[in-house]
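To start, the structure itself, in structure tokens.
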2 protein chains.
Amino acid sequence: MTTPVLDLAFAALSDPTRREIVQRLAKGAARVTDLAQPFDMSFNAVSKHVMVLERAGLVRRTRAGREHHIALDPKPIRRIAGWASRYERFWSDRLDKLEAFLKANRKRD
Amino acid sequence: MTTPVLDLAFAALSDPTRREIVQRLAKGAARVTDLAQPFDMSFNAVSKHVMVLERAGLVRRTRAGREHHIALDPKPIRRIAGWASRYERFWSDRLDKLEAFLKANRKRD
DNA sequence: GCTATATTCAACCCATAGGTTGAATATATG
DNA sequence: CATATATTCAACCTATGGGTTGAATATAGC
């Protein structure tokens, strides 16, 4: 049951810098330079972060001359949302149990 | 904008073994021994995985004698679902654009 | 053609992650 | 009490992550 998509997506998003980059990209595509600008770290570090996001499929790159256009690909995030949604049932179950418990207590009042 | 909750949750869930453990725990609490049983790795390795999940808040531990009862705490998963849901708008935006594009083409037919 | 810009590649550093094995600790059980 | 069971702690190993700096590569602009 190897699901490298989730492995890579979760790992990529565990870094706050990369989550900020994703958030930034949700507002539109950008060059690597643009993405690096807000951060207090080397351009190369950000370039590496972008590569990690790309390898995880969270981002797509199109080359336009010397500039690389980085765009968000939300599919892996969707996968994560799907994975997480499995547990909504679990949440409801717990709520149901709590509700049942409160109901039972109310009867005794 | 430090959100260690998401950092830890995403990191914890990036490991397939830990995701399997979470999935298992969705069916009910279990001892560490029970959790380790299906895996082809040392008990200690699984124990460590459980500790990682605990540190990330994905799991709660209650001691009953020598046995530790491990139960799923779905709150961090909820946080992740919330984070991912921010991008639903982005997905819809892209779908809207696609729809608009198709509509425009239909007009030309 | 020369220089500036955008980007990756490569080597390195240090910390952490995931795994192992071997104690240590605490609680059950005969 | 002695032994078996459930679990963590500790030390170790190797691989990977996130950061740095210093090239190398490719394209743009004068």
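Each chain gets a letter, A, B and so on, in the order the sequences are listed, and its residues count up from 1.
Minimum atom distance to the side chain of B:R61 is reached by D:dT8, of the listed D:dG18, C:dG19, D:dT8. For B:T33, whose side chain is taken as the heavy atoms from C-beta onward, the closest listed nucleotide among C:dG19, C:dT7, D:dA6 is D:dA6. Residue B:H49 places its side chain closer to C:dG19 than to any other of C:dG19, C:dC9, D:dG19. Of the candidate nucleotides D:dT8, D:dT20, C:dG19, D:dT8 has the atom nearest to the side chain of B:N44. With D:dG19, C:dT7, D:dT8 as the candidates, the nucleotide lying closest to the side chain of A:F43 is C:dT7.
Linking ILVMFWY side-chain heavy atoms closer than 4.5 Å, directly or via other members, places A:V5 and A:V52 in two distinct hydrophobic clusters.
Residue B:F10 contributes atom CZ, which lies 14 Å from atom P of D:dG18 at whole-angstrom precision. As a whole-Å value, the separation of B:R19 CZ from C:dG18 P is 12 Å. One interatomic measurement links the two molecules: CG of B:D15 to C1' of C:dA17, which rounds to 9 Å at whole-angstrom precision. Note: NE2 (B:H69) to C1' (D:dT7) measures 14 Å, nearest angstrom. Between B:R31 atom CZ and D:dT8 atom C1' there is a gap of 16 Å when expressed in whole angstrom units. Here D:dA4 presents its C1' atom at 13 Å from CD of B:E67, a figure rounded to the nearest Å. Here D:dG17 presents its P atom at 13 Å from CE of A:M51, a figure rounded to the nearest Å. Nucleotide C:dT8 holds its P atom 16 Å from the CZ atom of A:R55, rounded to whole Å.
Regarding contacts with the backbone of C:dT7, every side-chain N or O of A:S47 stays at 4.0 angstrom or more from both OP1 and OP2. Between B:S42 and C:dG19, a side-chain N or O to OP1/OP2 separation shorter than 4.0 Å is absent. Applying the 4.0 Å criterion to OP1 and OP2 of C:dT8, one finds that A:R63 has every side-chain N and O outside that range. When the side-chain nitrogen and oxygen atoms of A:R66 are compared with OP1 and OP2 of C:dT8, none of them lie within a distance under 4.0 Å. Residue B:H68 places at least one side-chain N or O under 4.0 Å from the OP1 or OP2 atom of D:dT8.
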B:R61/B:M51 under side chain to side chain contact (heavy atoms under 4.5 Å, CB included): CA gap, chis, key distance, verdict: CA-CA 9 Å; B:R61 179 190 308 260; B:M51 292 190 231; 4.1 Å; yes
Steps toward side chain to side chain contact (heavy atoms under 4.5 Å, CB included) verdict (A:R86, B:I77): CA-CA 10 Å; A:R86 297 181 183 178; B:I77 299 184; over 6 Å; no
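The two atoms that bring B:D7 and A:P16 nearest to each other are OD2-CD, 3.4 Å, heavy atoms only.
In the interface, the side chain of A:K48 is paired with the base of D:dG19 through a donor and an acceptor atom under 3.5 Å apart.
Going from atom CZ of B:F10 over to atom CZ of A:R18 covers 11.5 Å, rounded to the nearest 0.5 Å.
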